[in-house]
K.L.:
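Handing you this structure, nothing more for now.
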There are 2 protein chains.
Amino acid sequence: MLIIGMTQEQFSKYSFLLDRTARRVKQYAQRKFKLEDFDITVDQWLILKNLSENELMSQSEMAQILFKDQPTLTRIIDILTKKGYVERVPHPNDRRSFQLVLTQSGAEKVEELKPKVSEIRQKAWENLNEGDFEEFKRILNKIYDNLE
Amino acid sequence: MLIIGMTQEQFSKYSFLLDRTARRVKQYAQRKFKLEDFDITVDQWLILKNLSENELMSQSEMAQILFKDQPTLTRIIDILTKKGYVERVPHPNDRRSFQLVLTQSGAEKVEELKPKVSEIRQKAWENLNEGDFEEFKRILNKIYDNLE
DNA sequence: CAAATATAATTAGTATGACAAGTAATTTTT
DNA sequence: AAAAATTACTTGTCATACTAATTATATTTG
């Protein structure tokens, strides 16, 4: 479908801006994480937070929820396990699978970081309003759905 | 600044959607690149295209334009050099620096791929209009500027 | 001008992302 | 129930991102 009044050239820019902004958002948060000695990465945080809301998830369920692939999940879980925040518990009915649980230390980490992460995330939305947020979500989701 | 009527929790979702969409956009293009045997990655393409529009750029200039860091640039240029699409020419006045130029083969590659890439990029915008595009750019750029 | 500082590029290390292939276990098919 | 297909997870490889440190060269300062 051709978009009237817009050359393909201008049009291709969205991917550049999208990539650039996504990288900066992650980089900004990661620097804060480091500065405040959170001891985890942004992606590791996502997993911890999701686990705190929904324990006993398998790795593949977690991968689905986070839209990450399984090898990536495996490796992040490896790291979180080494750091002592997560444990792999054998699944009672399926010996291929693990259930992920937060350790005590992991649960404490989540409680400690939750408000701090929210605060970091908020910075991006200065001078933008709720309508912008809705528009942004709508367009992002539309793009996402358009690509398979 | 607090956004009225929106909990921090909902609000934090933007980073997730942004990351997810950016990854899918890149992945979608990369699969097409592979399927059609383009022989380069999406990021390598960005550099070739920019070089075709502006030769004799140094690596640090290219890094600035693409908002990538220097080590990343160095490595991508290494790969493009091995593939024979780009050459490092010593800078006439500054022996620390190189000027990047497209080889004949690189220039041909750009001409060959330019329309194909535009077509691939367009897919994301089905059922979205020019107004959406402007909104999207505005919000992305605002977020970008908000984070330093 | 010499010393201090800054810049361009590289190298090294770690994390993530994508893809392919492999293993073990489970489910489906016949 | 045995064979075939599927699923869960892992391993390996390559590319990119970010950080820190290094080297060589330029620029600035005292």
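Here is the naming used below: chain letters follow the sequence lines, and residue numbers restart at 1 for every chain. If you're wondering where the values come from, they're calculated on a predicted model, not measured in any experiment.
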K.L.:
Are the aromatic rings of B:Phe38 and B:Trp45 close, with centres under 6.0 Å apart?
P.N.:
no
K.L.:
Name the one of A:Leu102, A:Val110, A:Val101 that satisfies side chain to side chain contact (heavy atoms under 4.5 Å, CB included) with A:Leu51?
P.N.:
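Filter result, single survivor: A:Leu102.
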K.L.:
Looking at C:dT10, C:dT16, C:dA9, which one has an atom nearest to any side-chain atom of B:Pro71?
P.N.:
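That would be C:dT10.
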K.L.:
Give the nucleotide from the list C:dT16, D:dC18, D:dA8 with an atom nearest to the side chain of A:Ile76.
P.N.:
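Looking only at heavy atoms from C-beta outward on A:Ile76, the closest nucleotide is C:dT16.
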K.L.:
Ignoring backbone atoms, test whether A:Arg75 places a side-chain nitrogen or oxygen under 4.0 Å from the OP1 or OP2 oxygen of C:dT14.
P.N.:
no
K.L.:
Please state whether the phosphate of D:dC9, meaning OP1 or OP2, lies under 4.0 angstrom from any side-chain nitrogen or oxygen of A:Lys68.
P.N.:
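A:Lys68 to D:dC9 OP1/OP2: no side-chain N or O under 4.0 Å.
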K.L.:
If you compare every side-chain N and O of B:Ser60 against the phosphate oxygens of C:dA9 (OP1, OP2), does one of them come in below 4.0 Å?
P.N.:
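Affirmative; the distance criterion is met.
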K.L.:
When we call it a touch if two heavy atoms are under 4.0 Å apart, what does B:Asp69 touch: a base, just sugar-phosphate, or nothing?
P.N.:
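Counting heavy atoms under 4.0 Å across all strands, the contact made by B:Asp69 includes a base.
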K.L.:
Using a 4.0 Å heavy-atom cut-off across all strands, classify A:Leu73 as base, sugar-phosphate, or nothing.
P.N.:
nothing
K.L.:
Side-chain N or O of A:Ser97 less than 4.0 angstrom from OP1 or OP2 on D:dC9?
P.N.:
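Yes, within the criterion.
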K.L.:
For B:Thr41, report the nucleic acid contact type (base, sugar-phosphate, nothing); a contact means any heavy atom under 4.0 Å.
P.N.:
sugar-phosphate
K.L.:
How is A:Gln44 classified with respect to the nucleic acid when contacts are heavy atoms under 4.0 Å: base, sugar-phosphate, or nothing?
P.N.:
sugar-phosphate
K.L.:
Which residue lies toward the 5' end of DNA chain C, B:Gln27 or A:Arg96, if each is placed at its nearest nucleotide?
P.N.:
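Per heavy-atom nearest nucleotide, the more 5' residue is B:Gln27.
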K.L.:
Give a yes/no on whether any side-chain N or O of B:Thr74 is located under 4.0 angstrom from OP1 or OP2 of C:dT10.
P.N.:
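Yes, B:Thr74 has a side-chain N/O under 4.0 Å of OP1/OP2 on C:dT10.
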K.L.:
Can a side chain N or O of A:Gln59 be found less than 4.0 Å away from OP1 or OP2 on D:dT10?
P.N.:
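Checking A:Gln59 against D:dT10: at least one side-chain N or O falls below 4.0 Å of OP1 or OP2.
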K.L.:
Taking any heavy-atom pair under 4.0 Å as a contact, classify B:Arg88: base, sugar-phosphate, or nothing.
P.N.:
sugar-phosphate
K.L.:
Will you find, in the side chains of A:Asp78 and A:Thr81, an N or O donor that is under 3.5 Å from an N or O acceptor?
P.N.:
no
K.L.:
It should be established whether A:Lys26 places a side-chain nitrogen or oxygen under 4.0 Å from OP1 or OP2 of nucleotide D:dA17.
P.N.:
no
K.L.:
Mapping B:Asn93 and B:Gln70 onto DNA chain D by nearest heavy atom, which one lands closer to the 5' end?
P.N.:
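Counting from the 5' end, the first nearest nucleotide belongs to B:Gln70.
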